[in-house]
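Chain naming here is simple, since letters A, B, ... match the order of the sequence lines and numbering starts at 1 in each.
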Protein chains: 4
Amino acid sequence: MPEDRAEESAVTARSGSRTEEAPDAGSGTAGRPRRRQARGEARIAQLLEAAADVFCASGYNGASTNAIAREAGVSPGTLYQFFPNKEAIAIELGERLMDRWRETYGAAFVVSHVELPLERMLDAVLDPLIAFNCENPAFAVLTHGSEIPGVITREHDALHATMLTRTEQLLRTFLPELPADRATRTAEMSFVLFKAGLDLVMAHEGAEREAYIRELKTVMYRYLEPLVCDTPDGAPAGSTDTP
Amino acid sequence: MPEDRAEESAVTARSGSRTEEAPDAGSGTAGRPRRRQARGEARIAQLLEAAADVFCASGYNGASTNAIAREAGVSPGTLYQFFPNKEAIAIELGERLMDRWRETYGAAFVVSHVELPLERMLDAVLDPLIAFNCENPAFAVLTHGSEIPGVITREHDALHATMLTRTEQLLRTFLPELPADRATRTAEMSFVLFKAGLDLVMAHEGAEREAYIRELKTVMYRYLEPLVCDTPDGAPAGSTDTP
Amino acid sequence: MPEDRAEESAVTARSGSRTEEAPDAGSGTAGRPRRRQARGEARIAQLLEAAADVFCASGYNGASTNAIAREAGVSPGTLYQFFPNKEAIAIELGERLMDRWRETYGAAFVVSHVELPLERMLDAVLDPLIAFNCENPAFAVLTHGSEIPGVITREHDALHATMLTRTEQLLRTFLPELPADRATRTAEMSFVLFKAGLDLVMAHEGAEREAYIRELKTVMYRYLEPLVCDTPDGAPAGSTDTP
Amino acid sequence: MPEDRAEESAVTARSGSRTEEAPDAGSGTAGRPRRRQARGEARIAQLLEAAADVFCASGYNGASTNAIAREAGVSPGTLYQFFPNKEAIAIELGERLMDRWRETYGAAFVVSHVELPLERMLDAVLDPLIAFNCENPAFAVLTHGSEIPGVITREHDALHATMLTRTEQLLRTFLPELPADRATRTAEMSFVLFKAGLDLVMAHEGAEREAYIRELKTVMYRYLEPLVCDTPDGAPAGSTDTP
DNA sequence: GATGAATGAGGATTCATTCAT
DNA sequence: TATGAATGAATCCTCATTCAT
């Protein structure tokens, strides 16, 4: 039910706004508020889209709220009717991207995939994740940025943790003998490898991009294959893991 | 002779400052100028150290020159006696880090290493690079930052290109049969893998850090081993590279 | 006795300096203080010369004390050993110029001149005044400047008043029938005419300058001639002065 | 239609502001934009008036933008909504004053005046020019100032040249036998005489001012009369011009 | 709800002035 | 005395945020 989500977000977006409490839009009436919210939701989407563009183009600090408002075709005042401050825009944008990322991620990590051979599994898992990132370049900006205020980072860290946990669980499901800390590290490393490769992928276009995608998959394949195969012969791993 | 370098840098740091030219104080005399230069150089080092800290904590835009001066324990005016503007601080800091990085990198990529088995070679190459990055966290900030003024980025790009070229040459020396574009991609991918793993490494301390370092080496090993060994059996690579 | 003047000036220059009283340089000893003062006087002259140049080039506000010190070949600290602040430099420079102007002016307005025919008298009077201004362009800067702090202006106003009074006295000596206010106005107008013409003169060089000097004298001549001649036939003057 | 001019100026004032282009708000609609423009124009006028006051009181360099904003009763940010920088304020103020000066000047130098006797012509020409300057003391500041940024000076120089040319043409029309360089010098000298006298006029009030105005006219009359009359008997001119 | 002018604290930078050497 | 590095208040300007319309 996307509308619920939307309303939730609207509330989130306004949380902490102004100094007064929200009038709470008479919960008795049914028609009007809904329409208002709908309109508001459109505005919010419009603003967040603009914010994504401007964040990509100028980074978080470089993006001025006025520039975002202008990009969205509204006045700065309007922007502040939906977001209490600049940070909230980044947070909400981050959350929405993370929500969509969660969905993408959830769809990619379905159980049916684990039955595929690793190479195919990587295709099945990574392709949608790569596609998502290519379509949402702001995700990387909000996710990497060293300059982004703590809250966003923390929000992202939470999602990151969730994703890590899930990846870790998957790993441990299929490799029960893997020690806990090793699973954590492997999951985490897989993530950063993926992100790093992604940057390279996103920096190129067309056929080159395809080549980098294959290269990224090669990296992941070679990293994970020894774990998945019966013969864990990864040499350094062997030397360091079996003291 | 690192001292010469340092003084040269001091000059660099001041170049462009104010609108007048420096009288250049008769370089024939030894005592006085040296002491002055020494003091100046100490200030510059102190300011750059402070800048590194503040850049790490707040990013380039988030770092105010006043904050840098405060961190260095001097007044804002003093900062501007050594750097004409904020950008120059980042540039000088970047150049110094890149110089040291170049040295580290040069020392790490010595020919004698290629005779080692891959695992040992990775130790020999990666350990100093990792150590450098752990000791100079600002390097990553200045090197990654999307918000950093063009000059630094261009400087860094040049270094990056140099490093890539060298890595590529190494790859092609020992794997002459590797196609040119494949070598480029491999070198590039190795770099981003390394950087990505580095972030993970640097995010941890002590024993954990060691574990992540091992994990990073595992990644690199598994990525590069199939290329180096006689039996290039990396499955996805095989399937995509040999049509 | 220029040395007395100099010492007086040196004192003036320091007057108001720092927060303490001057040590008053043991008046018992004779040799040393004199030498010190002499050295100091040289420094002061050097600094004032530099200040004149910089004021001419950049105006009062545009002239930085550091620039003046640099132009004088000394350090900013040295400058402040002789002048308590920037304004004092302008004041002292102004006073010295005014002193010399007073001399020039005094020499130009000698009684013997009044026996000359007006045209010759104008040559005798204006030529040295013009020469002085051409040789001391800073005089105009300090004398005109709308941006110059009140004190200097007030100092200058005092001199201006003195000069006016003298001019007025001259006028009234030889034109006793001239009403007091008319004499004042005439003196004042003569001054501003002179200054205005001077600007024009100083804006040109060589032969052109000579032509403008003649033009200026023409202005003055035509302005003053009707007063001096027996037949005050200047039409507007006639209509306004003889109701 | 002065209102058009004003709106044009408002655009000029905003041109170059910020880094983005103005959307230019469909000029077809009449109501809304007009009101907005009107408000903006009022602000600009208010700011320029404040700027005129502060420039008069402190000169260009001495006038801080915060002081101008305070004088105008607005915040510094508001000032920068209408002018991209301090210089632009001076430029716009200068342009507006020059525009009005041009009008005043154009109205004063009408052909019909040349038929008047010189004395009456001087009244007809000088009175409006004097009135303008008394009402717009900032004109003199912006016009004289040695410290004012190049653009304004250049603008003013252009106007000055135009005015000189016109004056010169007038002179040569009615005194065709006057040599070209003489006409130039006479025009130029007339100007500086006028300005100089103006300063004196503006330094006084009421009846005194009237007296100084008469004195200024006397100066001009006596300077120009010999040229205009059949009998060019100005003695020094005669002696220097007719060798 | 929407607008956009207004706000004002904050940031980069300058420069008159001081003080340890 | 001379030096020149250091100071820090003041300046120009920006931009996140508010509010009257």
Side-chain angles (χ1 to χ4, degrees), chain A residues 17-19 36 39-40 43 61-70 73-89, chain B residues 17-19 23 25 32 35-36 39-40 42-43 61-69 73-87 89, chain C residues 17-19 36 39-40 43 61-70 73-87 89, chain D residues 17-19 25 32 35-36 39-40 42-43 61-69 73-87 89:
Chain A
S17 78
R18 307 311 156 95
T19 50
R36 262 203 234 133
R39 228 196 309 165
R43 269 283 123 92
N61 281 317
S64 80
T65 54
N66 283 10
I68 294 171
R70 197 178 327 114
V74 302
S75 72
T78 300
L79 186 154
Y80 279 87
Q81 215 135 25
F82 293 94
F83 299 98
N85 53 42
K86 181 174 164 180
E87 195 180 339
I89 302 171
Chain B
S17 78
R18 303 310 158 97
T19 49
R32 272 242 316 259
R35 176 150 277 126
R36 263 194 238 137
R39 225 197 310 170
R43 268 284 120 88
N61 281 320
S64 83
T65 54
N66 284 12
I68 294 172
V74 302
S75 71
T78 297
L79 187 155
Y80 281 89
Q81 209 142 25
F82 295 94
F83 299 99
N85 53 42
K86 183 174 162 181
E87 191 180 343
I89 302 172
Chain C
S17 78
R18 307 311 154 94
T19 50
R36 262 204 232 126
R39 233 201 299 171
R43 269 282 122 90
N61 280 318
S64 80
T65 54
N66 284 9
I68 294 171
R70 197 178 327 113
V74 302
S75 71
T78 299
L79 186 155
Y80 279 88
Q81 215 135 22
F82 294 94
F83 299 98
N85 52 42
K86 181 174 163 180
E87 195 180 340
I89 302 171
Chain D
S17 79
R18 303 309 156 98
T19 49
R32 269 246 310 261
R35 177 150 277 125
R36 262 194 240 138
R39 213 178 342 153
R43 268 285 119 90
N61 281 321
S64 82
T65 54
N66 282 13
I68 294 172
V74 302
S75 72
T78 298
L79 186 155
Y80 281 90
Q81 210 140 26
F82 295 96
F83 300 98
N85 52 44
K86 182 174 161 180
E87 192 179 342
I89 302 172

* Dot-bracket, DNA chain F: Watson-Crick or G-U, under 3.5 angstrom, [ ] crossing, | other strand? -> .||||||||||||||||||||
* Atom of Ala63(B), atom of Ile68(B) and distance for their closest heavy-atom approach -> CB-CD1, 4.5 Å
* First encountered from the 5' end of DNA chain E, between Thr78(A) and Thr78(B) -> Thr78(A)
* Asked: What are the two closest heavy atoms between Tyr80(D) and Lys86(D), and how far apart are they?
  -> OH-N, 4.4 Å
* Structure fact -> Gln81(D) CD to dT18(F) P, in whole Å, measures 16 Å
* To do: Please figure out whether Gly73(B) or Leu79(C) has its closest DNA chain F nucleotide nearer the 5' end.
  => Leu79(C)
Detail all sub-3.5 Å separations between protein N/O atoms and N/O atoms belonging to nucleotides 10-13 of chain F.
| residue | atom | partner | partner atom | Å |
| --- | --- | --- | --- | --- |
| dC12(F) | OP1 | Ala63(D) | O | 3.4 |
| dC12(F) | OP1 | Lys86(D) | NZ | 3.1 |
| dC12(F) | OP2 | Thr65(D) | N | 3.0 |
| dC12(F) | OP2 | Thr65(D) | OG1 | 3.3 |
| dC13(F) | OP2 | Tyr80(D) | OH | 2.6 |
| dC13(F) | OP2 | Lys86(D) | N | 2.9 |
| dC13(F) | O5' | Tyr80(D) | OH | 3.4 |

* **Closest nucleotide among dG1(E), dA2(F), dG4(E) to the Ser75(A) side chain** => dG4(E)
* Do the side chains of Asn66(C) and Leu79(C) get nearer than 4.5 Å, heavy atoms only? -> no
* Rounded off to whole Å, could you give me the CZ-to-P distance for the Phe83(B) and dA5(F) pair? => 14 Å
* Asked: Please give, in whole Å, the distance from dT3(F) P to Arg70(C) CZ?
  -> 14 Å
* For Thr78(A), which residues count as a side-chain hydrogen bond (donor to acceptor under 3.5 Å, both in side chains) partner, sequence neighbours excluded? -> Ser75(A)
